[in-house]
Amino acid sequence: MSDALPLTMLNAPSVARIPSASSMPPFAVRQAPITQTLPKIPAPQPSQIIPKSTPERMRVARERIRAAAEAGQRIRSYEVALDLDLSEFHFARQFRAAFGRSPHVFYDEVRAQKARELLADGMSEGDVARRIGFRRPAELRALLSKR
């Protein structure tokens, strides 16, 4: 006997049989009908207006880096570059041309300046290190010896 279906099975209309709740095994998971709609995603907030001229963009970048350094936050040059709609490398070249040093060096200089101010106010090395974004006082000492 062959494995082929009899002709009566091929010509018969196929009816999808939906199992009733009583015929489903007890471990089968029932899916509830989708009646809820997805939550609405809020529209993106209008971002800051990107300055058109390069000197204005570099001033915005410098202030953003300065604010992050003084607050003890890490900031990457590619983040600033993306905000200004520039590539990371073009941003670094433009920043160096405008201010005479790379964004990273500027960031370190602002951190070192803030650390010296806090040390002069009488804070301990460990507290100053944590305040400007380091985990250990040794990292602060290395920064101060470099800058």
Quick one: does D127's side chain get under 4.5 Å of L118's, heavy atoms only?
-> no
Do F106 and V60 sit in the same hydrophobic cluster, where Ile, Leu, Val, Met, Phe, Trp and Tyr count as joined when their side-chain heavy atoms come under 4.5 Å apart?
-> yes
Honestly curious: do I75 and L143 fall in one hydrophobic cluster under the side-chain, below-4.5 Å linking rule?
-> no
Gap between atom OG of S124 and atom CZ of R131 - 0.5 Å precision | 10.0 Å
Is any side-chain heavy atom of Q94 closer than 4.5 Å to a side-chain heavy atom of H90?
-> yes
Joint hydrophobic cluster, V105 plus L144, side-chain heavy atoms closer than 4.5 Å = no
Does any N or O in the side chain of R130 come within less than 3.5 Å of the main-chain N or O of R135, such that one atom is a donor and the other an acceptor?
-> no
Any donor-acceptor N/O pair, E79 side chain to R76 backbone, under 3.5 Å | yes
Would you say R64 has more than 12 foreign heavy atoms packed within less than 6.0 Å of its CZ?
-> yes
Of all heavy-atom pairs between V80 and A61, which one has the smallest distance, and what is that distance?
-> CG1-CB, 3.6 Å
Got a second to check how far R96's CZ is from H104's NE2, nearest 0.5 Å?
-> 11.5 Å
Check whether any side-chain heavy atom of S102 sits under 4.5 Å from a side-chain heavy atom of F95, and report yes or no.
-> no
Rounded to the nearest 0.5 Å, what separation is found between the OG atom of S53 and the CZ atom of R59?
-> 6.5 Å
Any side-chain heavy atom of R101 sitting closer than 4.5 Å to one from E109?
-> yes
A81 to S87 - nearest heavy-atom pair and separation | CB-O, 3.8 Å
Donor-acceptor pair, side chain of R57 and main chain of L84, under 3.5 angstrom | yes
Approximate separation, where rounding is to 0.5 Å, of T54 OG1 and F91 CZ | 11.5 Å
Answer with yes or no whether the hydrophobic clustering places M123 together with F134; edges join I, L, V, M, F, W, Y residues whose side-chain heavy atoms lie under 4.5 Å apart.
-> yes
In Å and rounded to the nearest 0.5 Å, what is the CZ to CZ distance from F99 to R62?
-> 4.0 Å
Shared hydrophobic cluster, V110 / I132 (ILVMFWY, side-chain heavy atoms < 4.5 Å) | no
Which atom pair, heavy atoms only, marks the closest approach of Q73 to Y107?
-> O-OH, 2.7 Å
Please step through salt bridge (charged side-chain N to carboxylate O under 4.0 Å, His left out) for the pair E139 and R136, ending with a clear verdict.
-> CA-CA 6 Å; E139 295 171 351; R136 299 184 310 262; 3.5 Å; yes
